[in-house]
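Here's the structure we're looking at; comments come further down.
Just so you know, these numbers use all the heavy atoms, side chains as well, and skip hydrogens, waters and symmetry mates. Protein chains get the first letters and strands the later ones, always in sequence-line order, with residue 1 at the start of each.
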Amino acid sequence: MSQKNIRVRFAPSPTGPLHIGGVRTALYNYLFAKHLGGKFILRIEDTDQTRFVPGAQEYIVDSFRWCGIEFDEGVTKGGPFGPYIQSERQEIYQQYSEQLLNSGHAYYAFDTPEALDDLRKEFEAEKKTFTYNAEVRGKLHNSLNMSKEEVTSLLKKDTPYVVRFAMPEDRIVVMNDLIRGQVEVNTNVLDDKVLFKSDGMPTYHLANIVDDHLMEISHVIRGEEWLPSLPLHVLLYEAFGWEAPEFAHLPLLLKPEGNGKLSKRDGDRLGFPVFPLAWNDPKSGEVSRGYRDDGYFPEAFINMLALLGWNPGTEQELFSMQELTEAFSIDRVGKSGSKFDPAKAAWFNHQYLIQKSNVELAGLFIPILQQKGFLAETEFVENVVGLVKERVNFVSEFWDQSNFFFITPETFDPLAVKKRWKADSYQQMSELKTMLSGVSDFNAARLEEVTKAWLEEKQYGMGAVMNAFRLIIVGELKGPHLFDIIALIGQEETLNRLERGLHELGEKKD
RNA sequence: GGUCCGUUCGUCUAGUCCGGUCAGGACGCCAGGUUUUCAUCCUGGUAACACGGGUUCGAAUCCCGUACGGACUACCA
């Protein structure tokens, strides 16, 4: 069985930072291609010059690099089908626009934007919707209603014009979507879309079809917002006499509360990022947070995104990129939109964090410590993260869980004091201090052994002693195994903290 | 308004094509256990087929309708 080459593309507009919905679309394209041994192309669709944002393209490229989504061809890689930036392909679109004009599938329209606006308002006043279609095109200012001479004369005078698609009448367009199945639309509800703008640039529709054809794209996997334009696109392929690629329209990512498309606002309000990387808007100066900057691991981010709308049909939830490419299949993509859940995203990060080596985690934690003014030894930090990594979701939470390894507690949690600093605590801690000062081999196992023996001998309650001890060492009733803590901070610091605790907490009478 | 798409626990979802298990898993939440504390971990629990008809011995699954939600409806993508 001969199969055509699998080639897919992700084609963002450089109008700002990439939304996580866009990252997911790119991810599914990537996984689809890699699963089938195909190629993945990055194309930049910058045909709207008014919306161009400096830095957006670089942002997009950086985001994918961080995520581990790699392109085979495209704007940074080059390739045999370039250029991959649409603004550099202007003459190509011009040429194909003319082809459509010549074949009668398109026509020149000289209506000014103002004239069309007025018409829209008029229609609206009568509670109707203005559509530039077969019904009205005969009465408007376009080449369909003029002689050849009139048209050439207008063109010669540089009259602004657009090229519109002549939408056929009374046709049922039957389309197939890999996710939704067969979809039918009557062309009478469609309009004569602009294909080529008066500024000399094509619209998305023309550029997209031309490029997908020329770049030999086999599958178009894009967001659901494009489903309404699918009939136009199918008709365009037909008008050119080209074989259309296969289409798959992905469901949207929804906001966590209520309904609607996930937006930056939701992220700000609910406290999670909607962009992969932090973004500094060059115009407004506004800064948006990003997953990378919020401490997500790229593996966790990708894993979380992959499972939002797709599932393997098994109970596996943790996937490396490699495992994802092996398991991915477009027909296991769901039809309905997914609400993004920040809590589950954090859980994914936790899963990846606990899998990481102490060496790697220490490498991430040390800069944070340095920022706080602590210059701890690498080995010490490695031991610390090893003890606390089970209890955090993010590297940024390490400090809260481990500050007592680096600083002697200044204060003692009043509630804990009330609960655990009893009448005989002072006496017991004094004796413990004496006992510990005599221990020569200060390691966790040995300390546990001698302390338990001492407890036994003195007939002191384990709970009472250990809690008071923890209160003195940590400042509150939290943290890892206490003997691990004191072994790490060392004998001198342990005795020092006992001394200090005894002094601060004093004897309690009750 | 019109067109198209969608609808299973609070959330992500399995199951739907090829009707027939107490509708399964995960996150969250709750309870219990383990632990010197907290967390981890273990055990258990909570909780859903949008609604109404129809077809059928039997419907989450097939058909029709309704409701609700979403996308689109620019010389933006």
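- Nucleotide B:A77 is matched to nothing when pairs are restricted to Watson-Crick or G-U wobble geometry with both distances under 3.5 angstrom.
- In this structure, A:Arg164 forms a cation-pi arrangement with A:Tyr132, its terminal cationic atom sitting closer than 6.0 Å to the ring centre and no more than 45° off the ring axis.
- Among the atoms of the strands shown, none is found under 4.0 Å from any heavy atom of A:Arg420.
- Searching all strands for a Watson-Crick or G-U wobble partner of B:G32 with both distances below 3.5 Å returns B:C42.
- In terms of position along RNA chain B, the nucleotide closest to A:Leu307 lies nearer the 5' end than the nucleotide closest to the other residue of the pair A:Leu307 and A:Lys193.
- Applying the Watson-Crick and G-U wobble criteria (two distances, each under 3.5 Å), B:U11 pairs with B:A26.
- With respect to the salt-bridge test (charged N to carboxylate O, under 4.0 angstrom), the residues A:Glu299 and A:Lys356 qualify.
- The residues A:Lys344 and A:Glu317 are annotated as salt-bridged, a charged nitrogen and a carboxylate oxygen being separated by less than 4.0 angstrom.
- For the pair A:Ile302/A:Phe319, no side-chain contact is recorded, criterion being any heavy-atom separation below 4.5 Å from C-beta on.
- One N or O donor and one acceptor, one from the side chain of A:His481 and one from the base of B:U36, sit under 3.5 Å apart.
- Residues from residues 117-131 of chain A placing a heavy atom under 4.0 Å of any atom in RNA chain B, listed by number, are A:Arg120, A:Thr129.
- At a threshold of 4.0 angstrom between heavy atoms, the contacts of A:His249 with the nucleic acid are absent.
- Across all non-hydrogen atoms, the minimal contact from A:Phe442 to A:Ile486 is CE2-O, 3.4 Å.
- Heavy atoms of other residues, nucleotides or ligands lying less than 6.0 angstrom from CD of A:Glu135 number 12 at most.
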